[in-house]
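First up is the structure itself, then whatever we jot down about it.
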Amino acid sequence: MDDYILMIAGSDIDTFYKTEQFPQAGDVTMAEPLGKRVGGCVLNTAVVCAAKGSAVKVLDCLRSNDEDTDLLVETLKEKNVDTSYIQYDKEAVNGSCLIMECENEKCIYVIEPQRPYFVYDSKMAALLNGAKYIYSLMHTLNISFETLEPLYAAKKQGAKIIFDGAGHYHSKEECELLLDLADGLFINKQSYSRLSSAFGADFCQAMVQDENKFVCITDGERGATCYVKDHSYFAESLKVKVKDSTGAGDSFAGCFLHCLSWGFSYEKCLYYASVNGAYACTGFGGMSGAVDLAILEQFARDNNYKI
């Protein structure tokens, strides 16, 4: 096992729009385009990790001979993310994300990618088995692998699988699969409520029965909590003037994952991650939290926040 973090992505382009109101069913509303950026929660997290010095590789399948694909790959290379394992297919449909902003709120519409399953050969096995951490969404794994056996094989080789918990879980069976596969979970409070409802019980309590697992639940300006077996850690959020909250959760997760891979305690990981989430809100776009720890430490001091 090497010391790299493998990001299994459903890469996309984020397109931003400003609207005067969010439409109800049957409504028509006008939207002003604000531009587009490379995005997707896994890619944002990848760039945040890489900015802090982690070795990061991305596994994805993108449309070949496509302008958006070129933009995605070149942006990742510029951010020191290893793109050599990205696959290309002429029939693939890249994901996209429409972000509709109204005052300080936003609605996000994710159009999922479509691509063939990865071929699980010796090269793919070596990539998965050699990772220290594997980060993805359960939904992305389900559309990327014909079965999840390659992920279980990687766990046997020592890889830890960490999930962004975003998504809609419709059955207890889906939740139990996540519980079985995950070593760590980042999820916001709203999504966590849906997950526990589908699971039929407190998902966090079930997951942290294993002393080697953790769950981080973020709650915006109300702070974040990291749960482990028999203990929890809480970090208040920094009070900052929010320019754009896009990617704040990804910046939180990327910083936490970097710190965890470098051997920091859960408590210290949580505090750095909380600072990074707040810092991301002061910039624009999902990758605005891609800064090193020294910048975060200074930002914390400037805001009288103790790490």
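What you see is a predicted model; the values in this text were computed from it and never measured. Just so you know, residue 1 is the first one in the sequence shown, and it goes up from there.
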Within residues 71-81 or reaching into it, pairs that qualify as side-chain hydrogen bond (donor to acceptor under 3.5 Å, both in side chains) - sequence neighbours excluded: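 Listed once each, the pairs would be none.
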
List the residues meeting ring pair (Phe, Tyr, Trp, His ring centres under 6.0 Å) with [X], not counting sequence neighbours, and say none if there are none.
X      : value
Tyr85  : none
Phe234 : none
Phe199 : Phe203
Tyr192 : none

Tell me if a side-chain donor or acceptor on [X] pairs with a main-chain N or O of [Y] at a distance below 3.5 Å.
X      : Y      : result
Asp244 : Gly285 : yes
Ser251 : Gly277 : no
Glu174 : Ser171 : yes
Thr19  : Gln21  : yes

- request: Verify side chain to side chain donor-acceptor pair (under 3.5 Å) between Tyr88 and Asp66, making sure each step is shown before the conclusion.
  value: CA-CA 10 Å; Tyr88 303 91; Asp66 181 86; over 6 Å; no

Is it true that atom [atom1] of [X] has more than 12 heavy atoms of other residues, nucleotides or ligands lying nearer than 6.0 Å?
X      : atom1 : answer
Gln298 : CD    : yes
Glu221 : CD    : no
Lys189 : NZ    : no
Asn65  : CG    : no
Gln205 : CD    : no
Lys239 : NZ    : yes

- prompt: Yes or no on side chain to side chain contact (heavy atoms under 4.5 Å, CB included) for Leu178 and Leu195, after CA distance, side-chain angles and deciding distance?
  reply: CA-CA 10 Å; Leu178 177 66; Leu195 174 61; 4.1 Å; yes

query: Phe252 and Thr45: side chain to side chain contact (heavy atoms under 4.5 Å, CB included), yes or no, with the steps?
result: CA-CA 8 Å; Phe252 178 100; Thr45 304; over 6 Å; no

About how many Å separate [atom2] of [Y] and [atom1] of [X], when rounded to the nearest 0.5 Å?
X      : Y      : atom1 : atom2 : value
Arg115 : Ser144 : CZ    : OG    : 3.5 Å
Cys49  : Asn44  : SG    : CG    : 11.0 Å
Cys255 : Leu260 : SG    : CG    : 11.0 Å
Leu98  : Lys106 : CG    : NZ    : 14.0 Å
Asp89  : Leu62  : CG    : CG    : 10.0 Å
His258 : Cys269 : NE2   : SG    : 9.0 Å

message: Connecting only ILVMFWY residues whose side-chain heavy atoms lie within less than 4.5 Å of each other, what is the rest of Tyr117's hydrophobic cluster?
response: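 Its cluster mates, by chain and number: none.
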
Sequence-distant partners of [X], side chain to side chain contact (heavy atoms under 4.5 Å, CB included), two or more places apart:
X      : answer
Val228 : Phe214, Cys226, His231, Tyr233, Tyr266
Ser136 : Ile8, Thr140, Leu141
Lys243 : Phe284
Asn212 : Asp210

Just wondering, do [Y] and [X] contact through their side chains at under 4.5 Å, heavy atoms?
X      : Y      : value
Asp183 : Ile162 : yes
Thr147 : Pro150 : yes
Val58  : Thr83  : no
Ile86  : Leu72  : no
Asp164 : Phe186 : no

query: Taking the six-membered ring for Trp, are Phe145 and Phe118 parallel (under 30°), tilted (30 to 60°) or perpendicular (over 60°)?
result: perpendicular

message: side chain to side chain donor-acceptor pair (under 3.5 Å), that's the test. Do Thr29 and Asp27 meet it? Break it down for me.
response: CA-CA 7 Å; Thr29 189; Asp27 281 352; over 6 Å; no

Check whether [X] and [Y] end up in the same hydrophobic cluster, where Ile, Leu, Val, Met, Phe, Trp and Tyr are linked by side-chain heavy atoms less than 4.5 Å apart.
X      : Y      : value
Tyr305 : Phe264 : yes
Leu148 : Leu128 : yes
Ile295 : Tyr271 : yes
Ile187 : Met138 : yes
Phe22  : Leu34  : no

query: Do Tyr272 and Phe256 have ring centres separated by under 6.0 Å?
result: no

Lys/Arg N to Asp/Glu carboxylate O, Arg63 vs Asp68, below 4.0 Å: no

message: Would Lys52 and Asn276 count as a side chain to side chain contact (heavy atoms under 4.5 Å, CB included) here? Give the steps.
response: CA-CA 11 Å; Lys52 293 163 178 54; Asn276 208 160; 2.8 Å; yes

query: Step by step, would you call Ser261 with Asp3 a side chain to side chain contact (heavy atoms under 4.5 Å, CB included)?
result: CA-CA 8 Å; Ser261 71; Asp3 285 335; over 6 Å; no

- request: Please list, chain by chain and in numerical order, all residues satisfying side chain to side chain donor-acceptor pair (under 3.5 Å) with Asp219, sequence neighbours excluded.
  value: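 If we apply the side chain to side chain donor-acceptor pair (under 3.5 Å) test to Asp219, skipping adjacent residues, the hits are Arg222.
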
message: Under 3.5 Å, is there a donor on one side chain and an acceptor on the other for Asp180 and Tyr152?
response: yes

- prompt: Does Lys18 have any salt bridge (Lys or Arg N to Asp or Glu O under 4.0 Å) partners at least two apart in sequence or in another chain, and if so, which?
  reply: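 For Lys18 there are no salt bridge (Lys or Arg N to Asp or Glu O under 4.0 Å) partners, ignoring immediate neighbours.
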
message: Could you go through Arg194 and Ser197, starting from their C-alpha distance and side-chain angles, then the distance that decides it, and tell me whether this counts as side chain to side chain donor-acceptor pair (under 3.5 Å)?
response: CA-CA 5 Å; Arg194 293 195 298 263; Ser197 178; over 6 Å; no

